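Report on the structure given below.
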Amino acid sequence: MRVAGLVCGLWLLASAAPVAAQTERTVALTFDDLPYAGEVASGPGPGPGPGLSSVEVAALNAKLLDGLRAHRAPAMGFVVEKTLRALSAGDSDAVLDGWTREGFELGNHTWSHADSNRLSLDEIEAEIVRGEASIRPVMARVGKPLRYLRMPMNHTGDTAEKREGVEALAARHGYALAASTIDTSDYVFEAAYQRALGQGDGVCAARIADAYVAYSAVEIDYYAGLNVRVLGRAPAEVALLHVNRINVDTLDRLLGLYAARGYRFVSLSQAQSDPAYGRPATYATRFGPMWGYRWARELGVRVNGAEEAEPPAWVVAYGEAAGTPCLAPTA
Ligand SMILES: [Zn+2]
């Protein structure tokens with residue numbers, strides 16, 4: 001049959017294409033809420049009560065940087081200045097110096113991580129300016145520009161006016177808005193993981209870590225597919241992660257997921273040099289969707305967000321409710 005022959009011929013052409021002609025897949029790793037996406041306990045050392053001590057936060061960052069170095073993976077750290085101030089001066093310096101010593105960039109994640117949907121443009125500007133108090137001199141010391149701003153919750157403007165205002169503010173202060181294309185809902189798993197660790201339940205913590213890695217694999221593939229569907233090609237991806245315990249404890253496995261899929265780790269500026277990020281943004285939303293969903297709106301491509309998998313219900317329930325048993329479906 002002619003049609004079948006044509007299809008077969010195209011298939012042969014496609015399969016005969018040299019490997020070198022395939023576009024290399026790249027991903028930039030970004031970690032938000034540096035120095036720590038959780039409560040920092042007051043006081044000089046480990047002690048009773050919630051949160052990590054200043055010393056523990058510094059150690060967590062050091063462990064994260066060790067893991068990234070082992071994979072030769074660059075990363076970008078987005079700093080919340082107010083959280084940084086909760087550390088001792090020595091630990092604060094150690095955290096920031098640790099990141100820049102690796103050659104990694106620091107970005108602005110605002111002063112207090114306030115929701116810009118609830119702020120005026122003047123208040124947002126104050127958040128941006130106060131947010132760079134520590135990172136601007138640190139970056140200047142290593143001879144690098146401070147060039148990326150990531151809005152808390154990725155809230156880049158809930159109205160057209162706000163969105164344009166936020167963009168103008170960022171540009172006026174020398175920033176590009178940091179994008180993100182892969183979300184693995186790490187904060188949902190972190191809440192459950194922290195509860196398990198707090199209760200000394202190592203079996204449950206390991207179960208949650210396994211579920212997080214499995215869900216991350218699903219999400220990496222989902223967003224890669226979404227972006228190809230919307231753009232017609234694979235853009236340089238930007239993974240949105242947080243400085244938290246579950247990411248640090250599973251980092252080797254998480255980075256292994258990307259390596260197994262043929263991704264090469266690049267810096268955020270390398271990723272955002274992809275023309276996909278040069279498109280003028282026109283989509284205003286009170287939510288903070290990944291860029292694939294934004295591009296879909298701007299390009300008029302219909303996508304169904306309901307196709308995206310949710311974190312396992314047992315993980316969500318365990319993380320939210322005290323007294324909920326830690327039960328994987330197979331347990
Ligand atoms: Zn954040």
Side-chain angles (χ1 to χ4, degrees), residues 29-44 50-62 64-65 75-102 104-157 165-167 169-178 180 186-187 190 240-245 247-248 268 288:
L29 304 172
T30 63
F31 288 87
D32 284 10
D33 299 4
L34 204 156
Y36 176 54
E39 197 175 331
V40 179
S42 57
L52 295 189
S53 71
S54 179
V55 171
E56 288 170 326
V57 169
L60 189 76
N61 277 266
L64 173 58
L65 295 171
M76 179 101 192
F78 284 98
V79 175
V80 176
E81 176 74 19
K82 190 177 177 184
T83 314
L84 196 66
R85 300 274 180 99
L87 304 185
S88 73
D91 290 326
S92 169
D93 290 347
V95 167
L96 299 185
D97 291 346
W99 279 77
T100 57
R101 200 180 305 121
E102 299 295 332
F104 299 164
E105 280 186 49
L106 297 168
N108 192 335
H109 200 35
T110 75
W111 155 252
S112 71
H113 208 272
D115 182 353
S116 62
N117 290 349
R118 297 176 184 167
L119 302 180
S120 68
L121 286 174
D122 283 347
E123 289 168 331
I124 294 171
E125 183 167 28
E127 281 280 330
I128 293 170
V129 172
R130 286 185 83 188
E132 62 188 35
S134 296
I135 55 176
R136 187 170 285 287
V138 166
M139 291 294 282
R141 210 180 309 142
V142 294
K144 289 186 176 172
L146 188 56
R147 51 183 172 175
Y148 286 102
L149 167 70
R150 176 168 282 148
M151 295 300 290
M153 286 85 78
N154 263 327
H155 288 176
T156 50
V166 167
E167 264 186 16
L169 274 179
R172 192 188 311 155
H173 289 277
Y175 294 105
L177 286 180
S180 49
D186 61 349
Y187 56 93
E190 171 74 356
L240 173 63
L241 297 156
H242 293 83
V243 180
N244 61 27
R245 294 179 77 172
N247 280 330
V248 171
L268 180 62

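Because the structure is a prediction, the values reported are computed rather than measured.
- Using a 4.5 Å heavy-atom cutoff, the side chains of Glu105 and Met139 are in contact.
- Donor-acceptor pairing under 3.5 Å is recorded for the side chains of Glu125 and His173.
- Using a distance-only test at 3.5 Å, with no hydrogens or angles considered, no donor-acceptor pair links the side chain of Glu102 to the main chain of Trp99.
- Using a 4.5 Å cut-off on side-chain heavy atoms (C-beta onward), Leu64 and Asn247 make no contact.
- A 4.5 Å side-chain heavy-atom check between Leu60 and Leu52 finds at least one atom pair inside the cut-off.
- The side-chain heavy atoms of Tyr148 and Leu268, taken from C-beta on, include a pair separated by under 4.5 Å.
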Check against side chain to side chain donor-acceptor pair (under 3.5 Å), Asn108 and Tyr175: CA-CA 9 Å; Asn108 192 335; Tyr175 294 105; 3.1 Å; yes

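- A donor-acceptor pair is defined here as one N or O able to donate and one able to accept, closer than 3.5 Å; such a pair exists between the side chain of Glu56 and the backbone of Ser53.
- Nearest approach of Ala114 to Leu119, heavy atoms of both residues: CB-CD1, 3.9 Å.
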From CA spacing to verdict: side chain to side chain contact (heavy atoms under 4.5 Å, CB included), Phe104, Leu65: CA-CA 10 Å; Phe104 299 164; Leu65 295 171; 3.7 Å; yes

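- By the 4.5 Å heavy-atom criterion applied to side chains, Val95 and Tyr36 are not counted as neighbours.
- Between Glu127 and the options Asp122, Leu169, Thr110, a side-chain contact (heavy atoms from CB on, under 4.5 Å) holds for only Thr110.
- Between the side chain of Glu81 and the backbone N or O of Arg130 there is no donor-acceptor pair closer than 3.5 Å.
- Between Ser54 and Val40 the shortest heavy-atom distance is N-CG1, 4.4 Å.
- Between the side chains of Arg150 and Thr30, at least one donor N or O sits under 3.5 Å from an acceptor N or O.
- Counting heavy atoms from C-beta outward, Leu96 and Leu84 have side chains that approach closer than 4.5 Å.
- The shortest side-chain heavy-atom distance between Ser180 and Asn154 falls under the 4.5 Å cut-off.
- Of all heavy-atom pairs spanning Thr100 and Asp97, the tightest one is OG1-O, 3.2 Å.
- The closest side-chain heavy-atom distance from Leu29 to Phe31 is below 4.5 Å.
- Distance check: Leu106 CG to Phe78 CZ gives 9.5 Å after rounding to the nearest 0.5 Å.
- Between the Asn61 side chain and the Pro35 main chain, a donor and an acceptor come within less than 3.5 Å of each other.
- Of the inter-residue distances, the one linking Asp115 atom CG with His155 atom NE2 reads 5.0 Å to the nearest 0.5 angstrom.
- Checking Asp33 against His109 by side-chain atom types alone, a donor-acceptor pair falls below 3.5 Å.
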Side chain to side chain contact (heavy atoms under 4.5 Å, CB included) between Asp91 and Val57, intermediate numbers included: CA-CA 8 Å; Asp91 290 326; Val57 169; over 6 Å; no

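- Note that the CE atom of Met151 and the OG atom of Ser116 stand 4.0 Å from one another [nearest 0.5 Å].
- No hydrogens or angles considered: a donor-acceptor pair under 3.5 Å links the side chains of Asp186 and His242.
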